[in-house]
Q: 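First the structure, which I've put down as structure tokens, then a few questions once you've had a look.
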Amino acid sequence: MTDPTDAWELETRLVHAGTLRSEFGETSEALFLTQGHVYATAEECEARFKGEDPGFIYARFSNPTVAMFEARMAALEGAQAARATASGMAAVTAALLAQVRAGDHVLAARQLFGSCRFVIEDLLPRFGIASTLVDGRDLDEWREGLRPQTRVLFLESPTNPNLDLVDIEAVAAIARSAGASLVVDNVFATPLWQSPLALGADCVVYSATKHIDGQGRCLGGVILGSREFIEKNVHTFLRQTGPAMSPFNAWVLLKALETLPLRVRRQTRTAAAIADALAGHEAVRRLFYPGRPDHPQADLARRQMKAGSTLVAFEVAGGKAGAFAFMNRLRIVKISNNLGDAKSLITHPATTTHERFAPAVREAMGVTEGLVRLSVGLEHPDDLVADLLRALG
Ligand SMILES: Cc1ncc(COP(=O)(O)O)c(C=O)c1O
């Protein structure tokens with residue numbers, strides 16, 4: 001195995017880190033499409049199961065292609081350990097459930113992706129794990145939400161879909177003061193622009209389905225943290241419950257990591273140009289982009305993020321009808337609820353990702369009827385700006 005060294009820059013790590021070469025010396029990482037492995041002797045098999053021999057056993061908990069993806073993700077994030085899962089939601093659910101038991105309490109930001117909110121608000125309480133939602137931007141609400149039973153704090157930043165920010169360093173300190181851990185869903189920031197572990201979080205989760213794949217092909221998730229955190233909390237949970245990433249998906253995602261910096265840098269530059277072109281347009285009521293000085297938390301963006309975002313959120317005048325008419329007039333930007341793709345995608349959160357919430361709850365989350373969320377792709381920036389301006393009319 002070629003171990004990454006600290007001396008390597010990000011781009012170099014993303015091409016080489018974690019590579020396992022077979023006896024054939026292939027240049028491109030191999031796809032080990034196998035469920036299991038054979039052992040030379042029964043003694044070797046016994047040693048493998050006892051953990052005395054580090055080889056692979058069974059694809060529910062370890063596979064060479066998945067291991068390469070995990071090692072490369074750990075090198076990217078600066079984490080000691082990583083575990084891959086079948087989807088981003090499998091990663092979020094496992095990262096939370098693996099740490100709690102009946103009687104515990106989980107404290108989370110209200111501004112969350114719909115399925116993450118379902119896990120916190122609906123799923124955990126079914127198993128006797130209480131949960132409280134707070135305004136993620138308000139540190140006093142985080143402090144006041146703590147209980148003696150609080151084990152985990154959970155947040156995403158920037159948030160889906162409004163691109164609100166949560167002060168990760170401050171919330172990590174609050175978690176530490178309560179003896180709880182902090183899990184951060186870093187999907188919107190991408191590993192390039194924000195490093196929650198360096199800001200004091202205990203665990204980072206990704207939907208690899210988004211920028212990590214970056215070409216809309218397959219689902220995946222990943223959980224990262226210290227070796228102790230992953231081994232103590234996450235490894236056994238995944239091994240025994242089975243939300244494993246398929247080796248095929250791991251192979252696609254592993255190869256995609258080679259181009260992640262190129263893609264995300266380009267998408268971020270284009271998103272910033274789009275945000276500048278749309279801000280102040282008479283059909284745009286409000287625009288949210290963490291890289292702009294008019295973002296309500298611009299100082300925090302500068303402090304905890306290395307760059308803006310590949311997403312832009314804005315409210316189109318005319319509420320739902322105005323937003324729908326605008327979306328239907330777009331030619332290059334496609335209507336889709338996904339994000340992080342090479343294709344620019346636009347969604348109307350109130351009728352898609354956040355549809356299951358009552359209107360008042362949606363309003364409290366900032367998901368208004370006119371709000372659209374644009375995920376910027378790899379098309380030429382001029383074509384995208386022209387498409388958006390023409391559709392705004
Ligand atoms: C912020 C955030 N977290 C988690 C997920 C879930 O990821 P997946 O669709 O890979 O399960 C998504 C997906 O849209 C997301 O936007």
Side-chain angles (χ1 to χ4, degrees), residues 66 69 73 82-97 108-123 133 136 154-166 168 182-191 193-194 196 201 203-224 238 242-246 248-250 252-253 256 264 267 288 290 305 309-313 334-341 343 345-357 365-367 371-376:
V66 178
F69 171 66
M73 277 302 308
R83 285 290 181 281
T85 55
S87 69
M89 281 320 301
V92 169
T93 308
L96 294 172
L97 276 182
R110 183 177 302 135
Q111 302 92 330
L112 291 179
F113 171 59
S115 299
C116 295
R117 228 179 113 148
F118 167 81
V119 171
I120 303 276
E121 216 177 4
D122 294 22
L123 188 72
L133 294 170
F154 178 73
L155 64 89
E156 62 185 49
S157 182
T159 62
N160 182 1
N162 299 68
L163 309 182
D164 289 336
L165 305 186
V166 180
I168 297 172
L182 173 63
V183 179
V184 175
D185 180 338
N186 208 36
V187 165
F188 271 48
T190 82
W193 301 146
Q194 185 168 272
C203 175
V204 183
V205 288
Y206 287 101
S207 164
T209 316
K210 312 296 189 250
H211 304 84
I212 292 171
D213 176 6
Q215 293 174 68
R217 296 164 295 195
C218 58
L219 293 176
V222 59
I223 308 171
L224 301 113
L238 295 179
M245 174 178 278
S246 97
F248 178 77
N249 286 11
V252 172
L253 297 165
V264 169
Q267 287 167 315
F288 307 94
M305 299 182 72
S309 170
T310 67
L311 292 116
V312 185
K334 302 297 172 213
I335 300 172
S336 174
N337 48 288
N338 203 10
L339 61 101
D341 200 294
K343 295 178 173 61
L345 305 175
I346 198 158
T347 191
H348 181 249
T351 53
T352 57
T353 51
H354 293 66
E355 180 273 335
R356 73 180 192 89
F357 298 107
M365 293 167 93
V367 182
L371 186 79
V372 294
R373 184 196 77 193
L374 172 68
S375 167
V376 176

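In each ligand, atom 1 is the first atom listed, and ligand 1 is the first ligand listed.
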Q: Do you see a donor-acceptor pair shorter than 3.5 Å between the side chains of N160 and R373?
A: yes
Q: When rounded to the nearest 0.5 angstrom, what distance separates CD1 in I335 from CG in L345?
A: 10.5 Å
Q: What's the shortest distance from atom 13 (C) of ligand 1 to any protein heavy atom, and which residue and atom give it?
A: K210 NZ, 2.9 Å
Q: Please list, in number order, the atoms of ligand 1 under 4.0 Å from a heavy atom of G88.
A: 7 (O), 8 (P), 10 (O), 11 (O)
Q: With a 4.5 Å heavy-atom cut-off, do W193 and V264 have their side chains touching?
A: yes
Q: If you count the atoms of ligand 1 from 1 in the order shown, which ones are under 4.0 Å from a heavy atom of M89?
A: 6 (C), 7 (O), 8 (P), 11 (O)
Q: Should you measure from each heavy atom of S87, which atoms of ligand 1 turn up under 4.0 Å away?
A: 10 (O), 11 (O)
Q: Look only at the side chain of T351 and the backbone of H348, and say whether a donor-acceptor pair between them is shorter than 3.5 Å.
A: yes
Q: Can you confirm whether R117 sits close enough to Q111 that some side-chain heavy atom of one is under 4.5 Å from a side-chain heavy atom of the other?
A: no
Q: Which of the numbered atoms in ligand 1 are below 4.0 angstrom from a heavy atom of E156?
A: 1 (C)
Q: Atom 3 (N) of ligand 1: which protein heavy atom is closest, and how many Å away?
A: D185 OD2, 2.6 Å
Q: Find all atoms of ligand 1 within a distance of less than 4.0 Å from any non-hydrogen atom belonging to T209, and give their numbers and elements.
A: 8 (P), 10 (O)
Q: For N160, take its heavy atoms, then give the atoms of ligand 1 lying under 4.0 Å from any of them.
A: 16 (O)
Q: Just by distance, do the side chain of S375 and the backbone of G340 share a donor-acceptor pair under 3.5 Å?
A: yes
